[in-house]
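Residue numbering restarts at 1 for every chain, and letters A, B, ... go by the order of the sequence lines.
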Protein chains: 2
Amino acid sequence: MLKELASAAPRDCEDCPIRHRAVCARCESDELERLDQIKYYRSFEAGQTLIWSGDKMDFVGSVVSGIATLTQTMEDGRTQMVGLLLPSDFVGRPGRDSAAYDVVAVSDIVMCCFRKKPFEDMMARTPHIAQRLLEMTLDELDAAREWMLVLGRKTAREKIASLIAIIARRDAVLNTAGMQGPLVFDLPLTREAMADYLGLTLETVSRQVSALRRDGVIMLEGKRRVTVPDFNRLLEEAGDDSDGGLLV
Amino acid sequence: MLKELASAAPRDCEDCPIRHRAVCARCESDELERLDQIKYYRSFEAGQTLIWSGDKMDFVGSVVSGIATLTQTMEDGRTQMVGLLLPSDFVGRPGRDSAAYDVVAVSDIVMCCFRKKPFEDMMARTPHIAQRLLEMTLDELDAAREWMLVLGRKTAREKIASLIAIIARRDAVLNTAGMQGPLVFDLPLTREAMADYLGLTLETVSRQVSALRRDGVIMLEGKRRVTVPDFNRLLEEAGDDSDGGLLV
DNA sequence: CGACGTGTTGATACAGTTCAAGTTGTGTGG
DNA sequence: CCACACAACTTGAACTGTATCAACACGTCG
């Protein structure tokens with residue numbers, strides 16, 4: 001099974017599942033061809049640390065499939081997740097050569113990588129790439145700021161509801177399911193990872209998930225499979241007004 | 001006094017105090033000339049809200065002088081600051097037409113503005129602007145993620161120490177003072193604004209500032225003027241290791 | 001002067017942490 | 001196939017850091 005991971009990688013950019021969302025989204029076919037020449041795939045197993053904070057980063061790339069986390073750790077071990085990397089998300093920062101965060105695979109992962117230098121050269125010559133990267137970075141900045149409100153001002157219950165709402169929404173967008181009717185999906189994160197995302201302890205996460213279940217806001221099959229019968233109810237619990245709030 | 005604010009605006013880009021740090025930093029003189037033609041200055045008084053979340057944004061711009069905050073507010077009034085805008089920082093997002101956050105002047109402010117449409121056109125034709133904006137956005141994203149660790153995992157005392165450390169560092173960079181020897185500067189924020197930045201109440205901020213003073217980590221002249229006798233001691237109190245930590 | 005904005009300090013309440021025990025599910029080796 | 005180990009999760013009881021509510025201090029401005 002592990003050996004087969006690499007086979008999940010698409011051969012050709014045109015068939016790539018993240019073709020229209022990743023950093024290459026805006027590229028024309030000739031630009032894509034040039035990218036194609038310098039790209040290479042790498043696979044990682046669940047639990048593996050792809051990148052250690054402080055390490056030299058000689059590549060950048062996009063998540064093709066799977067989920068990873070961006071985390072920061074203090075000397076005494078306190079950990080905060082600062083980003084959740086889903087398919088099409090970009091890893092690495094052009095212009096910086098050491099990693100600022102740990103990147104850890106939550107599930108098995110395939111990444112489409114570029115050595116940093118050639119990618120930077122390509123970017124300088126290809127406005128479509130720089131444009132798309134700017135757009136993606138602005139979206140990430142919005143998401144980070146939204147998360148600052150969650151971390152700074154929401155109660156434990158609201159934090160959990162907020163996280164479930166985000167995952168539900170992303171899942172619905174990915175599967176082009178509407179927001180009407182019950183939503184069903186898997187939580188990709190362990191209780192501990194959720195705690196690291198939300199600035200809580202895993203015990204508090206467990207208690208609040210149980211409380212939301214008791215109160216009928218969510219239903220659980222096993223530990224991970226979630227049903228949200230009424231998405232607006234969930235948003236109320238998250239402290240968001242039903243319309244605005246989290247930008248994709 | 002209020003009427004005179006506009007006079008603080010430089011006439012010419014070459015004399016502009018933020019010429020080499022703002023979104024125009026990379027521009028050649030011909031590019032600067034074109035920017036010059038579409039720019040205009042606006043002044044705001046301390047306390048004024050420049051932009052309301054949800055409002056139509058028909059301009060973008062740079063802070064020339066003064067300080068502003070980016071804040072998010074929940075329906076019940078809980079408020080979280082998500083950004084601190086200092087001279088050279090950019091306001092607004094090309095490609096989006098309504099504001100995502102409230103922007104409030106902390107001090108009197110002068111901004112160098114561009115109507116959004118002409119700026120977007122200019123950006124499309126001027127890679128130097130797009131490049132610089134990407135770089136600035138990536139820096140802001142790093143700062144936001146650093147702040148997520150502060151909000152999610154640090155104690156009240158560490159939060160206060162972190163904020164003072166950031167302000168001290170920015171001030172030292174601005175005044176090209178070294179990090180050696182005692183640092184002296186003014187806190188630009190009220191206790192309440194600090195609380196909104198840190199996800200605390202203003203009472204807790206007040207108590208922890210007093211505690212840091214009692215313990216000799218900082219010294220106070222009046223409520224706002226701060227002396228940091230030993231910057232490394234402050235970093236320890238912030239929970240940062242003395243070398244790494246906050247970028248910029 | 002009094003009023004108001006800003007900040008400090010104290011007493012009490014409570015949300016979330018910490019420590020500890022126990023449960024469930026899954027993979028492994030005898 | 002069972003026994004065992006281990007990771008992920010749940011639940012309980014006690015503790016504690018921060019919020020909340022309240023009173024008061026200081027400086028400034030009309």
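- At its two ends the helix from C/dC1-D/dG30 to C/dG30-D/dC1 runs along axes set 20° apart, each axis drawn from five pairs and the angle rounded to 10°.
- If A/Arg153 and A/Leu189 are placed on DNA chain D by their nearest nucleotide, the residue sitting closer to the 5' end is A/Leu189.
- Listed by chain and residue number, nothing satisfies the ring-ring contact (aromatic ring centres under 6.0 Å, His included) test with B/Phe59 (two or more places apart in sequence, or in another chain).
- B/Arg78 comes within 4.0 angstrom of nothing in the nucleic acid, heavy atoms only.
- Partners of B/Arg233 by side chain to side chain donor-acceptor pair (under 3.5 Å), not counting sequence neighbours, listed by chain and number: B/Glu237.
- Every residue meeting the salt bridge (Lys or Arg N to Asp or Glu O under 4.0 Å) condition with A/Asp186, not counting sequence neighbours, appears here in chain and number order: A/Arg225.
- Considering only residues two or more places apart in sequence or on other chains, A/Thr155 meets the side chain to side chain contact (heavy atoms under 4.5 Å, CB included) condition with A/Arg157, A/Glu158, B/Arg78.
- For residues 80-93 of chain A, the pairs satisfying salt bridge (Lys or Arg N to Asp or Glu O under 4.0 Å) are A/Arg93-B/Asp139, A/Arg93-B/Asp142, with sequence neighbours left out.
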Pairs under 3.5 angstrom only: tabulate donor-acceptor contacts from the side chains of residues 192-203 of chain A to other protein residues two or more places apart or in another chain.
{"residue": "A/Asp196", "atom": "OD1", "partner": "B/Arg153", "partner atom": "NH2", "Å": "3.2"}
{"residue": "A/Thr201", "atom": "OG1", "partner": "A/Thr204", "partner atom": "N", "Å": "3.3"}
{"residue": "A/Thr201", "atom": "OG1", "partner": "A/Thr204", "partner atom": "OG1", "Å": "3.0"}

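- Legend: residues meeting salt bridge (Lys or Arg N to Asp or Glu O under 4.0 Å) with B/Arg42, ordered by chain and number and at least two apart, are absent.
- The list of salt bridge (Lys or Arg N to Asp or Glu O under 4.0 Å) pairs with a residue in residues 47-71 of chain A, not counting sequence neighbours, is empty.
- Rounded to a whole Å, the CZ atom of A/Arg224 is 11 Å from the C1' atom of D/dA7.
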The contact string for nucleotides 10-18 of chain D, one letter per nucleotide 5' to 3', using protein heavy atoms under 4.0 Å with B, S and - for base, sugar-phosphate only and none, comes out as BBBB----S
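- You can see that DNA chain C meets the heavy atoms of chain A within a 4.0 Å-exclusive cut from C/dG16 to C/dC19, reading 5' to 3'.
- With sequence neighbours left out, the side chain to side chain donor-acceptor pair (under 3.5 Å) criterion links A/Gln72 to B/Glu146.
- Of all heavy-atom pairs between B/Ala105 and B/Leu50, the closest is CB-CD2, 3.9 Å.
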